[in-house]
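Just so it is clear: chains get the letters A, B, ... in the order the sequence lines come, proteins before strands, and each one is counted from 1. Keep in mind that what you see is a predicted model, and the values were worked out from it rather than measured.
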Amino acid sequence: MSEHETSQETNINELKKVRLEKLEELREMGINPFGSRYIRDTDTAAILQNYTALEGQKVSLAGRIMSKRRHGKAGFANLQDLTGNIQLYFKKDDIGEEKYELFKKMDIGDILGIKGFVFRTQKGEITVHVEDMQYLAKSLHPLPEKWHGLKDVELRYRQRYVDLIVNPEVRDVFIKRSRFIKALRNYLDDRGFLEVETPMMQPIAGGAAARPFITHHNALDMDLYLRIAPELYLKRLIVGGLEKVYEINRNFRNEGLSTRHNPEFTMLELYQAYGDWQDMMELAEDMISSVILKVNGSMQTEFEGKIIDFTPPWQRITMLEAINIHTGLDFTVLQTAQEAQAAAARLGLKVDAKSTRGEIINEVFEEYVEAHLVQPTFITGHPLEISPLAKKNAEHPEYTDRFELFIMQREIANAFSELNDPLDQQERFMKQVEKRAQGDSEAHMMDEDYINALEYGMPPAGGMGIGIDRLIMLITNSPSIRDVILFPTLRSRE
RNA sequence: GGGCCAUUAGCUCAAUCAGGCAGAGCAGCUGACUCUUAAUCAGAAGGUUACAGGUUCGAUUCCUGUAUGGCCCA
């Protein structure tokens, strides 16, 4: 193993050696290969956009050399910065012998500051005629191929910095991600929501059904969980009178990885006092569609060859109706767990013998309905047993005032009227604790302090969680969640 | 956790099916070229075929295990 590595290192060193020698040559010429602050007065996109005004004008810009074409005593290169890419022209007669030597030594990947004037070549390409150049950083590694870029997904994730240099569409995804999240914040801020930060490290991991990561605080000699959701803390703030709060940040769930799951992922959660699940539905529809319109310039996006139309209103359908449509099963007449069990068996679905009617409804839904939900669809009326933090429906207390939003077969949002009856909440927790005792490691833990908070009185409230990464996948046509997370979780090498 | 697939030069890929000297393009190196743009032309170089074993006269190729990644399933 180590033998293999040393041989690989020697190979890399042969390429790196040449660059280290060039670096030494620069130093001998009195040039610092790793320069400092450089003042730019423009960028590549601005030059291309304002050519008529800038023609013949002097400009100062900086960036990374991405290609080089030498022709004896003149040559071209391309310089890339955040905004794009522009051609540079070096002519020995104009730039002088010494600077022209620098151009000859310059490697693809080097970062330079450039001063020169803007012109158009005979072939019509807007170009900067270089009059002065300054080394800002010497690159010691060769960049991946200019034409095919970096394709090896493992390398792209492990060395995202290289991916970002050579694959411009990757950079665009993360710029769009940032704009999307900023637009969400603006939307909520404009409507009087207060952005807050609640604990990432929690003594009790609550607010969702998931296995948590465990860590340890030395000074307190106490185990802590990385949060699986901020929900119970945000609702404590509703008790405290903050009325409209939201948080956009990471949750951590100790589960397998897939194209839709990363152990740390970004959620938006928001709570609105004196509102309910219907308000959340209106908010979800308006917020998501208007933010997508703002960021994408259209209510339609293409994902894996299908057009998703975010134009409101979105379809609203109860979970039982959806099941009836896609399986023919009518759970309104299947009133007992035994009947539900038998019906599921007829579909060919194996369910745990201990499952309740509500749990079976959920399993049938996940198995036979989710795959049909492509366009934005609100699924409403979830069974009580799978909704331990939601208010019961006033008329049908075996269901809750809740919805989930599905798009492209994925759960994107989850919202409900928040349960504010501390006695009811205590009972629900007790049921979860029983399930936990029976080995369900995803069941909720008892949170006495949360009950205590509810006992002070929490106003009725609507609350919602939105999976940001999955939404970003949809608007950037990214098939894997790893394509929208800068540094996705990977097994460490060695 | 299970199944399937992949791993060859710094990068992108051939050769693997059916065992017989491991090849190309880009990048790098040497040289020519003062408006090129996947620049061009000439030349030389670059490999423990992921790792460890096995079968064989001979293994990148077949077999076993390991590592990492991908897809599907849980």
- [ ] Rounded to whole angstrom, note down the P distance from B:G25 over to B:A44.
- [x] 13 Å
TODO: For B:G47 versus B:G54, give the span between their C1' atoms, rounded off to a whole number of Å.
DONE: 24 Å
TODO: From the options B:U34, B:G28, B:U68, select the nucleotide whose nearest atom is closest to the side chain of A:Asp107.
DONE: B:G28
Open item on the list: In this structure, how many angstroms lie between the P atom of B:A24 and the CD atom of A:Glu145, rounded?
Closed with: 16 Å
Task: A:Arg482 side-chain N/O to B:C71 phosphate OP1/OP2 under 4.0 Å - done: yes
TODO: Please give the nucleotide sitting opposite B:G1 as a Watson-Crick or G-U wobble pair, both distances under 3.5 Å, or none.
DONE: B:C73
Open item on the list: For a quick test of reading the model: is some side-chain N or O of A:Lys123 closer than 4.0 Å to OP1 or OP2 of B:U36?
Closed with: yes
Task: Assigned partner base of B:U60, Watson-Crick or wobble definition, under 3.5 Å - done: none
Task: Donor-acceptor under 3.5 Å (A:Ser178 side chain, A:Lys176 main chain) - done: no
- [ ] Measure distances between side-chain N and O atoms of A:Gln122 and base N and O atoms of B:U36, and say whether any donor-acceptor pair falls under 3.5 Å.
- [x] no
Open item on the list: Need to verify one output field. Residue with the more 5' nearest nucleotide on RNA chain B, A:Ser67 or A:Leu490?
Closed with: A:Ser67
Open item on the list: What's the gap between B:A14 and B:U30 when it is taken at their C1' atoms, as a whole Å value?
Closed with: 28 Å
TODO: Any chance you could lay out the ring-ring contact (aromatic ring centres under 6.0 Å, His included) test for A:Trp277 and A:Phe416, step after step, and finish with the verdict?
DONE: CA-CA 5 Å; A:Trp277 67 298; A:Phe416 35 87; over 10 Å; no
- [ ] Send over the distance from A:Arg160 CZ to B:G69 C1', rounded to a whole Å.
- [x] 14 Å
Open item on the list: Looking at B:U34, which nucleotide sits across from it as a Watson-Crick or G-U wobble partner, both distances under 3.5 angstrom, or is there none?
Closed with: none
Open item on the list: Measuring only the C1' atom in each nucleotide, how far is B:A27 from B:G46? A whole number of Å is fine.
Closed with: 11 Å
Open item on the list: Under 4.0 Å, heavy atoms only, any strand: does A:Arg156 hit a base, just the sugar-phosphate, or nothing?
Closed with: nothing
TODO: Using both distances under 3.5 Å as the test, list the Watson-Crick or G-U wobble partner of B:A24, or none.
DONE: B:U12
- [ ] Just call it for A:Gly256: base, sugar-phosphate, or nothing, with non-hydrogen atoms closer than 4.0 Å on any strand.
- [x] nothing
Open item on the list: I want to check something: taking the side chain as every heavy atom from C-beta on, are A:Met464 and A:Glu269 in contact at a cut-off of under 4.5 Å?
Closed with: no
TODO: Assign A:Lys151 to base, sugar-phosphate, or nothing according to its heavy-atom contacts below 4.0 angstrom with the strands shown.
DONE: sugar-phosphate
- [ ] Would you mind reading off the distance between A:Gln159 atom CD and B:U68 atom C1', rounded to a whole angstrom?
- [x] 14 Å
Task: Value in whole Å for how far the P atom of B:A27 lies from CG of A:Leu15 - done: 13 Å
Open item on the list: Is A:Lys146 close enough to B:A27 that one of its side-chain N or O atoms is under 4.0 Å from OP1 or OP2 there?
Closed with: yes
Task: Gap in Å between the two P atoms, one belonging to B:A32 and one to B:U49, rounded - done: 37 Å
Open item on the list: Rounded to whole Å, please give me the gap between CG in A:Asp152 and C1' in B:U8.
Closed with: 13 Å
- [ ] Assign the ring pair A:Phe213 / A:Phe252 to parallel, tilted or perpendicular, where the plane angle (0 to 90°) is split at 30° and 60°.
- [x] perpendicular
TODO: Measure from the side chain of A:Tyr89, starting at C-beta and using heavy atoms only, and say which of B:G69, B:C35, B:U36 lies closest.
DONE: B:C35
- [ ] Rounded to the nearest angstrom, tell me the gap between atom CG in A:Leu257 and atom P in B:U68.
- [x] 13 Å
TODO: In whole angstrom, give the distance that lies between atom CZ of A:Phe119 and atom P of B:U36.
DONE: 11 Å
Open item on the list: Strictly below 4.0 Å: does A:Arg69 bring a side-chain N or O up to OP1 or OP2 of B:A39?
Closed with: yes
- [ ] Could you check how far CD of A:Glu25 sits from P of B:G28, rounded to whole Å?
- [x] 15 Å
Open item on the list: Both distances below 3.5 Å, Watson-Crick or wobble geometry, any strand: find the nucleotide opposite B:C17.
Closed with: none
Task: Same-atom distance (C1') from B:C51 to B:U60, integer angstrom - done: 14 Å
Task: Separation of A:Ile468 CD1 from A:Leu268 CG (nearest 0.5 Å) - done: 5.0 Å
- [ ] Looking at every strand, decide which applies to A:Lys22 at a 4.0 Å heavy-atom threshold: base, sugar-phosphate, or nothing.
- [x] sugar-phosphate
Open item on the list: Counting only side-chain heavy atoms from C-beta out, which of B:G28, B:U34, B:C33 sits nearest to A:Arg70?
Closed with: B:C33
Task: Watson-Crick or G-U wobble partner of B:C29, both distances under 3.5 Å - done: B:G43
- [ ] Compare the minimum distances between each of B:U36, B:G28, B:C11 and the side chain of A:Leu155, then state the nucleotide with the smallest one.
- [x] B:C11
Open item on the list: Can you confirm if the NZ or CZ of A:Arg120 lies within 45° of the ring axis of A:Tyr51 and under 6.0 Å from the centre of its six-membered ring?
Closed with: yes
TODO: Can you tell me, in whole Å, how much space there is between the P of B:U66 and that of B:C57?
DONE: 28 Å
Task: Inter-nucleotide C1' distance (B:U7, B:U16), Å rounded - done: 13 Å
- [ ] On the 0 to 90° scale, with breaks at 30° and 60°, tag the A:Trp314-A:Phe310 ring pair as parallel, tilted or perpendicular.
- [x] perpendicular
- [ ] Between B:U36, B:G70, B:C71, spot the one nearest the side chain of A:Val153, thanks.
- [x] B:G70
Open item on the list: Side chain of A:Glu154, heavy atoms from C-beta onward: which of B:C11, B:U36, B:G69 has the nearest atom to it?
Closed with: B:G69
- [ ] Please confirm whether A:Lys68 makes a cation-pi placement over A:Phe90, using NZ or CZ under 6.0 Å from the six-membered ring centre and within 45° of the ring normal.
- [x] no
Open item on the list: Please name the nucleotide paired to B:U66 by Watson-Crick or G-U wobble geometry with both distances under 3.5 Å, or report none.
Closed with: B:A50
Open item on the list: I want to confirm an ordering. Mapping A:Thr259 and A:Arg491 to their closest nucleotides on RNA chain B, which one lands closer to the 5' end?
Closed with: A:Arg491
